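Below is one structure, written out as structure tokens; comments come after it.
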Amino acid sequence: MDERGATEGGMTVGRVAAEIGVSVRTLHHWDELGVARPSGRTSSGYRSYLPVDVARLRRVLLLRDLGVPLARIPTLLTAPAAERRAELTQRRRELADTIARLEDVARSVDRLLEADEVGVLVPEDQHRDVFGDDWNPTMAESARARWGDSAQWAEYAERSAERTPEDWSAVVGPLRDLVDELAEAKRAGIVVGSEGANALAERHRAALSEYFHCTPAMHVITGRLALTEPGMADTYDRVEPGLAAWLSTLIDANARTHGVDPETAVWE
């Protein structure tokens with residue numbers, strides 16, 4: 001019989017592998033390293049695993065699954081009880097650390113799933129404190145319905161999952177201040193396409209990039225969407241009548257300085 005089929009004098013490598021749940025290749029590897037070797041012989045001269053060998057294999061498997069390095073296992077199998085307990089205690093500490101890390105990862109995944117569903121993860125009773133009196137929770141719902149399959153929504157959700165209400169305040173506050181500056185610039189008659197106007201447009205693009213990476217071409221499209229999406233123009237026009245449309249022209253002019261033709265701009 002071949003090595004897998006022999007039964008005299010112990011168990012074959014194939015039978016042992018199936019019984020303890022490892023591959024034949026793994027048993028051969030452990031044999032080569034001297035971690036666990038078969039000590040029996042069949043009548044045909046094949047090496048086979050005696051019960052004592054299988055018992056050792058089960059201990060090797062247990063220690064390996066606990067994270068003990070393979071090279072350390074042979075020594076540990078014959079070590080005094082105090083040394084074995086010290087090793088197992090250390091493994092228990094490492095497992096506790098691993099469990100804690102995995103629980104953190106699980107909580108992060110839960111937050112990401114929630115952010116992908118609802119947008120911002122701010123308690124409802126803090127919405128107006130963070131986003132202002134004009135906060136409209138249906139805007140996030142509408143945005144997800146329209147762009148939920150896009151890379152930008154995924155990026156927005158990923159950032160949202162990591163943000164606290166304080167983080168959102170740090171994002172929203174400067175944007176609100178910038179809208180006030182844009183209104184002042186419009187009232188002052190700043191020339192669209194001028195250096196100062198382009199600087200304001202770039203600051204607006206940077207503010208949007210706190211939500212998702214916004215290229216000049218995407219900025220053009222976002223500026224125009226603000227004129228057509230329900231409620232978006234009001235965010236600007238409540239501060240200054242016609243501000244949303246004026247901002248769109250400001251964005252278009254700035255895009256040209258980046259080599260983007262607003263008439264052919266595409267979502268990137």
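Quantities reported herein were computed from a predicted structural model and do not represent experimental measurements.
With hydrogens and angles disregarded, a donor-acceptor distance shorter than 3.5 Å links the side chain of Ser209 to the backbone of Arg205. Side-chain N or O atoms of Asn254 include none that pairs as donor or acceptor with a backbone N or O of Ala199 at under 3.5 Å. Checked by atom type and distance alone, the side chain of Arg144 pairs as donor or acceptor with a backbone atom of Asp116 at under 3.5 Å. Side chain of Arg91 to backbone of Gly67: a donor-acceptor contact under 3.5 angstrom is found. Checking side-chain atoms of Arg59 against main-chain N and O of Val54 turns up no donor-acceptor pair under 3.5 Å.
Contact check on Arg203 versus Glu210 returns no salt bridge, with no Lys/Arg side-chain nitrogen under 4.0 Å from an Asp/Glu carboxylate oxygen. The residues Glu114 and Arg111 are annotated as not salt-bridged, no charged nitrogen and carboxylate oxygen being separated by less than 4.0 angstrom. Electrostatic pairing of Glu87 and Arg84 does not count as a salt bridge here, judged by no charged N lying under 4.0 Å from a carboxylate O. Classification of Asp104 and Arg107 as a salt-bridged pair holds, one side-chain N sitting under 4.0 Å from a carboxylate O.
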Q.
Using the rule given for side chain to side chain contact (heavy atoms under 4.5 Å, CB included), can you reason through Asp167 versus Thr164, listing the C-alpha separation, both sets of side-chain angles and the distance that settles it, and then say yes or no?
A. CA-CA 5 Å; Asp167 293 331; Thr164 64; 3.2 Å; yes
Q. What do the steps show when you test Thr12 against Arg15 for side-chain hydrogen bond (donor to acceptor under 3.5 Å, both in side chains), and what is the final call?
A. CA-CA 5 Å; Thr12 65; Arg15 182 177 170 189; over 6 Å; no
Q) Can Thr228 and Leu225 be said to form a side chain to side chain contact (heavy atoms under 4.5 Å, CB included), step by step? A) CA-CA 5 Å; Thr228 59; Leu225 282 173; 4.1 Å; yes
(Q) Let's go through Ile73 and Trp30 carefully: what are the C-alpha distance in whole Å and the side-chain angles of both, what is the deciding distance for side chain to side chain contact (heavy atoms under 4.5 Å, CB included) to 0.1 Å, and is it a yes or a no? (A) CA-CA 11 Å; Ile73 290 177; Trp30 289 357; over 6 Å; no
**Q.** Check against side chain to side chain contact (heavy atoms under 4.5 Å, CB included), Leu63 and Val60
**A.** CA-CA 5 Å; Leu63 293 172; Val60 170; over 6 Å; no
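Atom CG of Leu70 is separated from atom OG1 of Thr26 by 9.5 Å, given to the nearest 0.5 angstrom. Taking CD1 from Ile221 and SG from Cys214, the interatomic distance works out to 9.0 Å, rounded to the nearest 0.5 Å. To the nearest 0.5 Å, the span separating CG on Asn198 from OG on Ser194 amounts to 6.5 Å. Atoms CD and OG1, on Glu195 and Thr257 in that order, are 10.5 Å from each other to the nearest 0.5 Å. Taking CD from Glu19 and CE from Met11, the interatomic distance works out to 4.0 Å, rounded to the nearest 0.5 Å. Annotation: the span from Arg56 atom CZ to Leu61 atom CG amounts to 13.5 Å, rounded to 0.5 Å.
The hydrophobic clustering, which links ILVMFWY residues whose side-chain heavy atoms are closer than 4.5 Å, places Val105 and Leu113 together. There is no path of hydrophobic side-chain contacts, each under 4.5 Å, that joins Leu208 to Val220. In the hydrophobic clustering of this structure, Met218 groups with Trp153; members are Ile, Leu, Val, Met, Phe, Trp, Tyr whose side-chain heavy atoms approach within less than 4.5 Å, directly or through other members. Linking Ile, Leu, Val, Met, Phe, Trp and Tyr whenever their side-chain heavy atoms come within less than 4.5 Å puts Leu66 and Leu57 in one cluster. Hydrophobic clustering (ILVMFWY, side-chain heavy atoms < 4.5 Å, transitive): Val260 and Leu200 are in distinct clusters.
With ring centers used as reference points, Trp168 lies under 6.0 Å from Tyr211.
Taking all atoms of both residues into account, the shortest heavy-atom contact from Ala207 to Leu178 is CB-CD2, 4.5 Å. Nearest approach of Val172 to Val130, heavy atoms of both residues: CG1-O, 3.7 Å. Tyr49 and Leu27 get closest at one heavy-atom pair: OH-CB, 3.8 Å. In plain terms, the two heavy atoms of Glu83 and Leu76 that are nearest each other are O-CD1, 4.2 Å. In terms of heavy atoms, Ala265 sits closest to Ala217 at CB-O, 3.9 Å. Between Glu240 and Lys186, the shortest heavy-atom distance links the atoms OE2-NZ, 3.5 Å.
Contact of the Glu158 side chain with the Phe212 side chain is not registered, since no non-hydrogen atoms from C-beta on lie closer than 4.5 Å. When side chains are defined from C-beta on, Ser169 does not count as touching Glu166, because their heavy atoms never get closer than 4.5 Å. Between Tyr236 and Leu227, every side-chain heavy-atom pair lies at or beyond the 4.5 Å cut-off. For the pair His204/Glu181, no side-chain contact is recorded, criterion being any heavy-atom separation below 4.5 Å from C-beta on. Side-chain atoms of Leu247 and Val179, non-hydrogen and from C-beta on, never get closer than 4.5 Å to each other. Within the 4.5 Å cutoff, no side-chain heavy atoms of Arg37 are placed close to those of Asp53. Here the side chains of Trp246 and Ile190 are in contact, with some heavy-atom distance below 4.5 Å. Within the 4.5 Å cutoff, no side-chain heavy atoms of His219 are placed close to those of Arg224.
In Asp149, the CG atom is not crowded: 12 or fewer heavy atoms of neighbouring residues, nucleotides or ligands sit closer than 6.0 Å. Heavy-atom neighbours of Arg187 CZ from other residues, nucleotides or ligands within 6.0 Å: above the threshold of 12. Remark: His258 NE2 is packed, more than 12 non-hydrogen atoms of other residues, nucleotides or ligands lying under 6.0 Å away.
A donor-acceptor pair shorter than 3.5 Å cannot be found between the side chains of Arg92 and Thr89.
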